[in-house]
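Some notes on the structure that comes next.
Labels below follow one simple rule: chain letters A, B, ... track the order of the sequence lines, proteins then strands, and each chain is numbered from 1. Predicted model, so just to flag it, every value in this text is computed and none were measured.
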2 protein chains.
Amino acid sequence: MNITRAPGQAPKYQRLAADLRRRIAVGEWQGAIALPVEAELEAQYGVARNTVRLAVDVLVNEGLLIRVQGKGTFLKDHHSVLDHHAYRSATVLRPTDSLAAPSEVYAEEAQAAGRKLTADFEMLIVRARTDIAERIGIRPGEAVVLRRMLRFMDSEPWSIEESHYPAGLAAGTPLMNPEPVRGGDEVVLAAIGRTEIGAVDQLAARMPGPEEAQWFQAGPGVPLMVQTRATYDGRGPVRAIETRYSGDRSRLLYGLGNLAARVPGAR
Amino acid sequence: MNITRAPGQAPKYQRLAADLRRRIAVGEWQGAIALPVEAELEAQYGVARNTVRLAVDVLVNEGLLIRVQGKGTFLKDHHSVLDHHAYRSATVLRPTDSLAAPSEVYAEEAQAAGRKLTADFEMLIVRARTDIAERIGIRPGEAVVLRRMLRFMDSEPWSIEESHYPAGLAAGTPLMNPEPVRGGDEVVLAAIGRTEIGAVDQLAARMPGPEEAQWFQAGPGVPLMVQTRATYDGRGPVRAIETRYSGDRSRLLYGLGNLAARVPGAR
DNA sequence: GGTGATTTGTGCGTATGTATT
DNA sequence: TAATACATACGCACAAATCAC
């Protein structure tokens, strides 16, 4: 197929990208087979290498292709997307129930999918970002205790979960220890009479910064999903939890309202 | 003549991108001021135009910059991000309450933000995608009624909301009419005794395809957020609603559990 | 309203580096 | 070691959009 130049038409590389997209859609290259090498695409379409690269760039940034130096250009596989319960409303509704989605639940979900979830832990004292400060009722720049969980699924990067506590709340509790709490931080909160019973989640999608892209091993065309949860007990805000996921590996689930009639597997 | 890259050093365009990122972070170019033109960056860094463009490409794909032909390169403004209530648990909890987040709520939220929400409507009969079929309890490829709402905020593209109904459910109801229902489709569902009382939402982030990017007027570096809701009444699944948002304009909010203590003025 | 200058977009060519096979 | 394939980097020319005059 020879693309001839015509005024008023879309640029060559865009038409080339569209044609490659079409050939992908009709299944010309299935599975993990490499696409034709750049030199062959130059010949097939009669364009310069630069133009081929511009076209492939488009599809790479759409998350459709990945390029591997020395090997070739491949279809991206979407097989390992895992759903993740971020919230599930209680079957029996009581206003004083804990929200708790303890970390153990995630590990169980992973195991049910035949995978293994592990984590690294860090504790830092930092100045509160503006959005975090608003959520936990302090002023921007005030000190907060940041407890960070770096999660791995089968030793692949999975999520970054950061709990922000007002310094006053964490002082004198095990939340100041630079190590995770068995059973989750919820155990500590319950012990000091601050069981979380409500939350507001904010969901956002954005591209990763360079450090995030490196940590998630996310190439171009892979956005992040960012969940920011503000939690409350009967008195007021307790903490803010920001969790970042790679968009090509995770999806979040929310079970809302009365789900008694949802009985595919009972569960 | 070409300067060979020192071992262990990153490529020129990546170091240039990192330096531009730093200069942006320290606030060298605030507001809507244009960055130095490509020719000046060539001079500042002593590299070819191609290298400058590669570096700027990196930041554009991170969603940090936008380029406008004939004008220049600018910081992207994040002013118009609007939060959007996707769900809010009832203060008084009753298992038979409707979930309903009628479209009117969205319009009210927009008005509260001093903006105006409008919509175009389409109705189509299509074959169910696999993921949709699973949610509404039919087989992939069976006919579904697709009711599509194209929403605009101040005449700018905002969201694409698609409700999928099993053909059997919609037959003989106003859901077959190619026009929106006053008060929302919920009115029709209530009239036929299928008030939705529960739902499962799935949240995902991905890059837009070409048609989506065009409709949302989304340049590179702007992902979509996709909300897919399966709703239930006391009998079983009712419909599947897929709503797509531009990640740089919308965020979704979920109010969970008991939010009585969440009083903006309290504290 | 038109003209030219400015600025990014498209397209070509060439050479060499680096990772994989 | 050699061949292959993508990555980086230089250079040039013209197109298209915008803006100042």
Side-chain angles (χ1 to χ4, degrees), chain A residues 2-20 29 32-61 64-76 210 213 217 219-221, chain B residues 1-20 29 32-61 64-76 210 213-214 217 219-221:
Chain A
N2 197 351
I3 296 183
T4 46
R5 180 111 195 259
Q9 290 265 328
K12 275 189 185 181
Y13 80 94
Q14 287 181 15
R15 281 177 287 157
L16 208 170
D19 198 56
L20 292 176
W29 306 295
I33 310 296
L35 265 63
V37 299
E38 291 176 353
E40 191 180 330
L41 291 176
E42 292 180 45
Q44 284 185 13
Y45 291 94
V47 298
R49 168 133 188 258
N50 214 307
T51 306
V52 169
R53 285 188 64 80
L54 275 177
V56 175
D57 276 344
V58 172
L59 303 188
V60 166
N61 286 323
L64 218 50
L65 299 179
I66 56 172
R67 287 198 276 212
V68 183
Q69 185 174 358
K71 291 184 70 174
T73 303
F74 305 84
L75 295 182
K76 191 186 283 185
Q217 300 179 341
Chain B
M1 183 54 197
N2 289 348
I3 300 166
T4 48
R5 200 165 110 207
Q9 285 268 326
K12 274 189 185 181
Y13 79 95
Q14 287 181 16
R15 280 178 289 158
L16 209 171
D19 198 56
L20 292 176
W29 306 296
I33 310 295
L35 266 62
V37 300
E38 292 175 353
E40 192 180 328
L41 291 176
E42 294 178 44
Q44 284 185 14
Y45 291 93
V47 298
R49 174 156 180 235
N50 214 299
T51 306
V52 170
R53 286 187 64 79
L54 275 177
V56 175
D57 276 344
V58 172
L59 303 188
V60 167
N61 285 324
L64 218 50
L65 300 178
I66 56 172
R67 288 196 276 212
V68 184
Q69 185 174 358
K71 292 184 71 175
T73 304
F74 304 85
L75 294 181
K76 190 186 282 185
Q214 185 173 22
Q217 300 178 342

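Rounding to whole angstrom units, CG of residue B:Leu65 and C1' of C:dT7 are separated by 15 Å. To the nearest angstrom, C1' of C:dT10 lies 12 Å from CZ of B:Arg67. Between the CZ atom of A:Arg15 and the C1' atom of C:dG11 there is a distance of 12 Å, rounded to whole Å. Taking atom CG of residue B:Leu54 and atom C1' of nucleotide D:dG11, one finds them 14 Å apart after rounding to whole Å. Straight-line distance from the CD1 atom of B:Ile66 to the P atom of C:dT7: 17 Å, rounded to whole Å. C:dT8 atom C1' lies 13 Å from atom CG of B:Leu35, rounded to whole Å. Following rounding to the nearest Å, B:Tyr13 (OH) and C:dG17 (P) show an atom-to-atom distance of 17 Å.
B:Ala55 approaches B:Tyr13 most closely through the heavy-atom pair CB-O, 3.4 Å.
Contact annotation: A:Arg53 side-chain N/O to D:dA7 OP1/OP2 distance is under 4.0 Å. A sub-4.0 Å separation between OP1 or OP2 of D:dT4 and a side-chain N or O of A:Lys71 is absent. Distances shown here put every side-chain N or O of B:Thr73 at or beyond 4.0 Å from the OP1 or OP2 atom of C:dT7.
No side-chain heavy atom of A:Leu65 sits under 4.5 Å from any side-chain heavy atom of A:Phe74. At a threshold of 4.5 Å between non-hydrogen side-chain atoms, the residues B:Leu64 and B:Leu75 do not count as touching.
Among the nucleotides D:dC10, C:dC12, C:dG9, the one closest to any side-chain atom of A:Asn50 is C:dC12. Distances were taken from every side-chain heavy atom of B:Thr51 (C-beta onward) to each of C:dG9, D:dC6, D:dA9; the shortest belongs to D:dA9. Each of C:dT20, C:dA15, D:dA15 was ranked by its minimum atom distance to the side chain of B:Gln69; first place goes to D:dA15. Candidate nucleotides D:dA7, C:dT20, C:dG11 were compared by shortest atom distance to the side chain of A:Lys12, and C:dG11 ranks first.
B:Tyr45 and B:Asp19 share a donor-acceptor pair across their side chains, judged by distance under 3.5 Å alone.
Taking a 4.0 Å limit (strictly below) on heavy-atom distances, residues 36-44 of chain B does not reach DNA chain D anywhere.
At a cut-off of 3.5 angstrom, the base of D:dA7 holds at least one donor-acceptor pair with the side chain of A:Arg49.
With B:Val56 as reference, B:Val52 is the one residue of B:Leu54, B:Val58, B:Leu59, B:Val52 to meet the side chain to side chain contact (heavy atoms under 4.5 Å, CB included) rule.
Considering CD of B:Glu42 and CZ of B:Arg49, their distance stands at 7.0 Å, rounded to 0.5 Å.
Around the CD atom of B:Gln214, the shell of radius 6.0 Å holds no more than 12 heavy atoms that belong to other residues, nucleotides or ligands.
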